Amino acid sequence: MTSLLQSLPPNLRLPRRGTGDRPSPPGHGRVAAGPRISALIVSASAKTTKGEDDYHSTLRALNSRGRFPRKSLGQHYMLNSSINEQLAGAADVKEGDVVLEIGPGTGSLTNVLVNAGAAVLAVEKDPHMAALVSERFASTDRVKVLQEDFTKCHIHSHLLSLLRSKMSFGQESQYAKVVSNIPFNISTDVIKLLLPMGDIFSEVVLLLQEETALRWVESSLRTSEYRPINIFINFYSDPVYNFKVPRSNFFPQPNVDAAVVTFKLKQAADYPQVSSIKSFFSMVNSAFNGKRKMLRKSLQHICTSLEIEKALGNVGLPATSRPEELTLDDFVKLHNSIAKS
């Protein structure tokens with residue numbers, strides 16, 4: 001089998017944290033400390049390898065398993081340890097934090113998180129990579145590896161179980177964090193699973209395709225990029241664009257650049273007040289199904305056009321309103337007005 005080391009990528013461009021081709025938009029939100037999960041905690045001195053992962057060590061790890069990145073799994077391995085340091089820094093990972101990592105790969109980000117003092121719950125779909133990470137961190141109790149497909153596993157149950165275990169030892173209840181370099185092709189699935197979990201996580205820091213990151217954080221009203229996912233994200237979190245990551249930092253090199261986004265999760269008490277979250281998002285999705293259609297047309301399955309026009313008027317919106325013209329607050333008011341009628 002041809003060694004991956006025979007064709008190394010070019011010199012890597014390293015962006016400084018907080019910089020990139022576009023300025024970072026302002027963000028806000030709380031930052032909560034992560035919990036200490038008793039099943040994973042060891043003394044501060046029991047950290048793993050302190051050496052940085054570079055492209056040589058990453059490719060050697062893949063060669064040791066006879067592995068090539070699998071396109072079907074969206075595998076693009078981070079080759080720059082400084083980017084991993086910035087990922088951890090974006091979440092302010094520190095001693096005693098508990099971090100969920102999705103798709104640890106060879107464990108390069110895992111290593112940074114552990115050296116920062118965190119206990120890591122790593123979920124890896126690829127059994128070969130799961131075994132590699134388990135072996136790499138076998139000498140520390142700070143890392144627990146689950147060989148599962150994250151989009152299908154019951155992560156809420158896993159975290160709740162660990163949190164209950166922690167509380168049984170009399171430790172203070174806090175929040176966990178998510179820090180991950182995820183496959184681009186599961187970004188939306190991951191977001192939809194994680195953002196409603198403000199009862200467990202304080203923040204979610206993800207390395208995403210840059211185009212996706214910008215669309216989710218910066219999309220404006222009256223544009224084709226404004227979609228139901230924007231309503232969903234802002235309902236459950238306050239998103240912040242952190243910095244751009246050039247494609248040259250990955251192996252294999254993708255066709256697009258990446259970016260790091262922080263989602264500061266809201267508590268249930270801070271969600272917009274709607275009579276039913278399920279029916280609210282059902283209405284939002286229906287509104288956008290008819291692209292460029294007026295709401296009095298796309299929402300006719302909920303009530304009559306005249307009733308929709310009346311509801312729009314009740315919340316100060318024109319009868320000719322289209323979904324891409326409404327803010328999150330507008331949708332909330334419209335839903336509640338329709339629900340009362």
Side-chain angles (χ1 to χ4, degrees), residues 25-30 32 151 154-157 160 175 187-204 212 215-240 261-341:
H28 62 279
R30 73 178 193 294
T151 63
H154 301 288
I155 195 63
H156 199 275
S157 299
L160 276 181
Y175 297 103
S187 298
T188 301
D189 291 335
V190 168
I191 283 296
K192 288 183 176 180
L193 285 169
L194 290 177
L195 295 199
M197 296 187 188
D199 58 327
I200 293 180
F201 300 111
S202 62
E203 56 203 299
V204 175
T212 299
R215 186 169 66 243
W216 286 355
V217 176
E218 297 184 359
S219 284
S220 302
L221 295 178
R222 299 178 179 84
T223 68
S224 61
E225 301 300 324
Y226 189 62
R227 303 171 185 175
I229 190 66
N230 296 97
I231 303 297
F232 180 90
I233 288 171
N234 286 283
F235 187 97
Y236 287 112
S237 73
D238 295 309
V240 180
V261 174
T262 297
F263 301 89
K264 307 279 188 180
L265 301 197
K266 299 175 183 178
Q267 294 289 302
D270 299 322
Y271 296 162
Q273 295 302 301
V274 294
S275 56
S276 166
I277 292 178
K278 183 178 180 180
S279 66
F280 171 74
F281 283 112
S282 176
M283 184 199 76
V284 170
N285 289 329
S286 295
F288 281 90
N289 278 342
K291 189 175 182 181
R292 295 293 301 160
K293 276 188 178 181
M294 294 181 189
L295 292 169
R296 63 189 182 191
K297 295 290 185 181
S298 59
L299 298 180
Q300 277 185 330
H301 66 289
I302 297 177
C303 51
T304 67
S305 294
L306 287 177
E307 289 173 322
I308 294 168
E309 289 181 8
K310 181 179 178 181
L312 287 166
N314 289 340
V315 299
L317 294 172
T320 56
S321 294
R322 303 176 191 272
E324 64 270 21
E325 299 171 342
L326 272 64
T327 64
L328 168 62
D329 188 51
D330 289 334
F331 271 113
V332 169
K333 291 177 180 177
L334 178 61
H335 173 268
N336 290 341
S337 178
I338 292 175
K340 290 178 182 176
S341 61

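One is the number of the first residue; the rest follow in order along the sequence. Hydrogens, waters and symmetry mates play no part in the numbers below; they use all other heavy atoms, side chains included. Note that the coordinates shown come from a computational prediction; the quantities given were computed from them, not determined experimentally.
For Met283 against Ile302, the heavy-atom pair with the smallest separation is CG-CD1, 3.8 Å.
Residues Leu295 and Leu334 form a side-chain contact, since some pair of their non-hydrogen atoms from C-beta on lies under 4.5 Å apart. Between Val274 and Phe331, the closest side-chain pair of non-hydrogen atoms is not below 4.5 Å.
Under the 30°/60° scheme for interplanar angles, the aromatic rings of Phe280 and His335 are found to stand perpendicular. In this structure, Tyr271 and Phe235 have tilted ring planes: the angle between them lies in the 30° to 60° band.
Counting only residues at least two apart or on different chains, no side chain to side chain donor-acceptor pair (under 3.5 Å) pair has a member in residues 187-198.
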Test side-chain hydrogen bond (donor to acceptor under 3.5 Å, both in side chains) applied to Thr327 and Asp330, step by step:
CA-CA 5 Å; Thr327 64; Asp330 289 334; 3.2 Å; yes

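With a 6.0 Å radius and a threshold of 12 heavy atoms from other residues, nucleotides or ligands, His154 has its NE2 atom at or below the threshold.
At least one donor-acceptor pair closer than 3.5 Å links the side chain of Gln267 to the backbone N or O of Gly198. Here the side chain of Asn230 pairs a donor or acceptor atom with the backbone of Arg227 at under 3.5 angstrom. A donor-acceptor distance shorter than 3.5 angstrom exists from the side chain of Lys266 to the backbone of Asn234, with no hydrogens or angles considered.
Residues satisfying the side-chain hydrogen bond (donor to acceptor under 3.5 Å, both in side chains) criterion with Gln300, sequence neighbours excluded, are Ser305.
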With a 3.5 Å cut-off and sequence neighbours excluded, list the donor-acceptor pairs that the side chains of residues 307-317 form with protein atoms.
{"unit_1": "Glu307", "atom_1": "OE1", "unit_2": "Thr304", "atom_2": "N", "d": "3.0"}
{"unit_1": "Glu307", "atom_1": "OE1", "unit_2": "Thr304", "atom_2": "OG1", "d": "3.2"}
{"unit_1": "Glu309", "atom_1": "OE2", "unit_2": "Arg296", "atom_2": "NH1", "d": "3.0"}
{"unit_1": "Asn314", "atom_1": "ND2", "unit_2": "Lys310", "atom_2": "O", "d": "3.4"}

